[in-house]
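These numbers were taken from a predicted model, which means no experiment stands behind them. The chains referred to below are lettered A, B, ... by the order of the sequence lines, with proteins before strands, and numbering in each begins at 1.
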Amino acid sequence: MTEIAKAYEPHSVEQRWYPLWEERGYFKPQGDGPIYTITIPPPNVTGSLHIGHALCYTIHDVLLRWKRMQGHRVLCVPGTDHAGIATQNVVEKELRKQGLSRHDIGREAFIERVWEWVREYGGRILFQLRGLGCSFEWGRTRFTMDEGYVNAVMECFVRWWEAGLIYRGKRVINWCPRCSTAISDIEVEHEDRAGKLYHLRYPFKDGSGYVVVATTRPETMLGDTAVAVNPSDERYKDKVGKTLVLPLVGREIPLIADYYAKSEFGSGAVKVTPAHDLNDYEAGQRNNLPMVVVIDEQGRMNETAGPNYAGLDRFEARERVMQDLEAAGLVEKVEDYTVPTALCARCHTVIEPLLSEQWFVKMKELAQPAIDVVKEGRVEFVPDRFGRTYLDWMENIRDWTISRQLWWGHRIPVWHTEDGEYIVARSEAEAQAKANGRAITQDEDVLDTWFSSQLWPHAVLGWPEKTDDLDTYYPTSVLITARDIIYLWVARMIMTGLDFVGEIPFSDVYIYATVLDEQGRRQSKSLGTGVDPLEVTALYGTDALRFALLIRCAKGQDIRFAQIRENRQPQVEEARNFANKIWNATRFVLMNLGDATQVEAKWEPSDALADRWILAELNATIEQVTAALKDYRLNEAAQTLYHFFWDEFCDWYIEFSKTQFAAKEETAEVRAARNRIVYVLETSLRLLHPLMPFITEELWQRLPHQGEAIMVAAWPEADQSRDDREAREQMETLIALITKVRNIRSVMNLPVAAWLQVHLATTDERAKSLVTANAEQFKRLARVEAIHVSDALPPLDDAARDVVTGVEIAVPFGGLIDKKKERERVSKEIARKENEVKGMQARLANPSFVDRAPREVVEQTRARHDELMGEIQKLQETLKALGA
RNA sequence: GGGCGGUUAGCUCAGCGGUAGAGCAUCGGUCUUACAAACCGGGGGCCACUGGUUCGAACCCAGUACCGCCCACCA
């Protein structure tokens, strides 16, 4: 027997197995079983591993390993996303340290800088995933800007252009002044902020008074081109059509009627700034209003805003405008007000709605088939409620702003001719050819990052080329992702998959839990509430982190995950303890194999109760774990295994069969016992392997086994014939009896070391033979010297008594019994049983329960009731004998 | 303003129609030769509230309260 450490030491084990698995090609598709494919959500190249990633990719790996063991031909394609804005920001920040802006070095040099950065750091996060044990096919790793992928993006743009789905237009879009780019509607976050509502007076040109308008953004008044009131608003009936003079600017603007103005808000009149507000823009369109742009792309007032304001930041301008209006006596009042504020999801800068020329995709047409496949159940969300949120959004989908005023990304494949025509082509050469000698310049903008990631499942498999991979592995099996990108990403992949490949990209969408901090807030680096998974694994090992996350991974439920304090994280500690338990149980078995070459993981038939019982429990465990994994109930799989391994296998089976398999002799019986325990252990390790790959591989390799690695061993299959209800019931009784004796010892303060005498009395022959057949184990586990079984207890003065499942127990003391303590104990026991009986009596007395409840339930209740009554009676006799 | 979750033992959470569960914490006892990261035993819950359906509800339905997400153009 090889030496084995007293405690599980994860780090060396992890380092040993991962490279071996990879070298042996286990991460590549193997064999010719059914196909199982996952394409991972590509993390941003700027990303470093956080706890959410750890959860996401652990779930991936669990499913991959499980399916692989089930004989599937498994492929998981990893990769990274170029993450336009995020990556550009990172590199710009680096430049700034050298006192440079991207404009100083120019577009080409800047992009080269970003590429350098990506080459150096872009693979870091994928590297970290190896540490988590992820069995991904690294040979097929993709990047959303690698050569082939660019082709896919260009292809998509060109096809959509040709289909008339892409257009260019001037509209009010969400502009982030800090990122200085347009962003799409779903990249905007909304937040209520404390602000003011300003009531301003706009005088009529003819001197007949003024109209009061309310606004939260007075600086935009410089761009007003009308004031609107509701057509049905009586107050303004005779004033609509009159001319107002815009304060501070002097521009004459009309008072118009438009349904957009709500009579009940403020004075019922709303100022209209078509160039700086989406609603105003639409009102402007309806009423042919001019659009006056007064704020620039940096969020500063421009020339048009007038000499007093030009160059001021929008928030400074707000103050200046209010001062000037105040001075002119045009401020009616200013109230505190909660302002719904739009923020850039990336940098939390206040969004500036800006009139701007951008590229858009028409979504309605694309959305319809993607709505249908979810409605028809061809794509299923887990938990299914996310299917409904998906449909809600898809049914109200709006056009998508795809252009970004950035340098890092896929440059829009549109070339402008001098005469204002757009040439859309897959490459510059193709554009040149189409231009017929006209001079062309490429559009300056790049595409939204999600424009490329929407193609992920088919693009990573080779699309638009017709590759074998695409043929073989598409559609993929499941998409595992976070709920905050259902719209940004999931919806769009379904649309492009259907549009370009003609088939759904995946049949299941598993939305996993969001990992929160202790207070239930989203984990955030800036708040310092984030937990670094690498710190956790350094402390407790990878398997412990995986298991800690998985056992909390209830369907759709968020996970609160505590920070590490004083080098401890209790949630992971629990999992580490479990790993250690697995380690030591295996260690114990290994220490007692005798001539190990004679041992194999094989179930030897046995009539012994514990053997029958553990086989039945193991079988049930296989069944439950398999079903749970199939249903993405990962926490249940983890919990079931934890319970089986610790409570049933370690606490009872090992203890029960110790003397047999750990015997010194090498008899056939001993070998059979060894085969059995190795069989149960080996099977347990297989079941645990997808969740805890490293420790299971390490231990499995040390056990007698067949095959080269547990990673490629077969997943255990349940076998109906191994269920054994009788054994499970009997074992339950036996455990209850042993526990009761231990309980008496403990409560009555009997010395732990003392070997007790135990009298058991019952007229139930089965119970009697249960005890006599397992007397050896009973004695050892309850520390009993002799068990005396009879029909009725002999008269014993100095004994503690109890009764369990109809069996009376008496434990004589060596000396005098502490009658007071014993009375207490027995009274408590009676009270407990009476309490239980009370409920049953009420039910049994209720005729409609007896009539209407299933007969089985009624009989069960009656039987239990009678049993309890008998037990109570015995206990009362005991109590009487104690002199109560 | 709409939609969706959550509310169960001191803490973190499972359970989702037939007598309340786990881990941690707590209390008592153990170096019982696999494991003190362990073992054995104990205590601790009107399952947020109010109604309803049911023989029976933590679990199903309706509503209330408080927490948290998502969506939404009300100045």
Side-chain ([X]) to main-chain ([Y]) donor-acceptor, under 3.5 angstrom:
{"X": "A/Asp399", "Y": "A/Met363", "answer": "yes"}
{"X": "A/Arg742", "Y": "A/Leu781", "answer": "yes"}
{"X": "A/Arg201", "Y": "A/Pro247", "answer": "no"}
{"X": "A/Asp233", "Y": "A/Arg235", "answer": "yes"}

>> Looking at A/Glu834 and A/Lys838, is there a salt bridge between them, counting it only when a charged N and a carboxylate O are closer than 4.0 Å?
In response: no

[N] - base-pair partner by Watson-Crick or wobble geometry, distances under 3.5 Å:
{"N": "B/C69", "result": "B/G3"}
{"N": "B/A34", "result": "none"}
{"N": "B/U53", "result": "none"}
{"N": "B/G23", "result": "B/C11"}
{"N": "B/C39", "result": "B/G29"}

Verify the contact: side-chain N or O of [X] to OP1 or OP2 of [N], cut-off strictly under 4.0 Å; return yes or no.
{"X": "A/Lys828", "N": "B/G42", "result": "no"}
{"X": "A/Asn743", "N": "B/G42", "result": "yes"}
{"X": "A/Arg783", "N": "B/G29", "result": "no"}

Name the closest nucleotide to the [X] side chain, picking from [options].
{"X": "A/Val747", "options": "B/G29, B/G41, B/A72", "result": "B/G41"}
{"X": "A/Lys262", "options": "B/C74, B/G41, B/C73", "result": "B/C74"}
{"X": "A/His190", "options": "B/G43, B/A72, B/A34", "result": "B/A72"}
{"X": "A/Asn279", "options": "B/G41, B/C73, B/C4", "result": "B/C73"}
{"X": "A/Val752", "options": "B/G43, B/G41, B/G29", "result": "B/G29"}

Taking any heavy-atom pair under 4.0 Å as a contact, classify [X]: base, sugar-phosphate, or nothing.
{"X": "A/Thr215", "answer": "sugar-phosphate"}
{"X": "A/Glu856", "answer": "nothing"}
{"X": "A/Arg633", "answer": "nothing"}
{"X": "A/Thr739", "answer": "sugar-phosphate"}
{"X": "A/Phe386", "answer": "nothing"}
{"X": "A/Lys6", "answer": "sugar-phosphate"}
{"X": "A/Arg568", "answer": "nothing"}
{"X": "A/Tyr337", "answer": "sugar-phosphate"}
{"X": "A/Ala261", "answer": "base"}

Judged by nearest nucleotide, the residue sitting upstream toward the 5' end of RNA chain B, A/Ile551 or A/Asp392, is A/Asp392

Quick tally for nucleotides 14-20 of chain B: nucleotides whose base has a protein heavy atom under 4.0 Å get B, sugar-phosphate-only ones S, the rest -, giving S---BB-

When rounded to whole Å, the CZ to C1' distance for the pair A/Arg560 and B/G5 reads 13 Å

Rounded to whole Å, the CG-C1' distance (A/Leu756 to B/C40) equals 13 Å

- Stepwise, does the side chain to side chain donor-acceptor pair (under 3.5 Å) test hold for A/Glu187 with A/Ser184? CA-CA 5 Å; A/Glu187 288 168 292; A/Ser184 69; 2.9 Å; yes

Which is it for A/Asp280 and A/Tyr260 under the side chain to side chain donor-acceptor pair (under 3.5 Å) test, yes or no, and what are the steps along the way? CA-CA 9 Å; A/Asp280 292 14; A/Tyr260 151 58; 2.7 Å; yes

Would you list the protein and nucleotides 37-39 of chain B atom pairs, both N or O, that sit under 3.5 Å from each other?
from  : atom 1 : to       : atom 2 : distance (Å)
B/A37 : O4'    : A/Asn577 : OD1    : 3.2
B/A37 : N3     : A/Arg576 : NE     : 3.0
B/A38 : OP1    : A/Asn577 : ND2    : 3.1
B/A38 : O3'    : A/Lys581 : NZ     : 3.2
B/C39 : OP1    : A/Lys581 : NZ     : 3.0
B/C39 : OP1    : A/Trp646 : NE1    : 2.5

- prompt: Going by atom types alone, do A/Asn846 and A/Arg843 pair a side-chain donor with an acceptor below 3.5 Å?
  reply: no

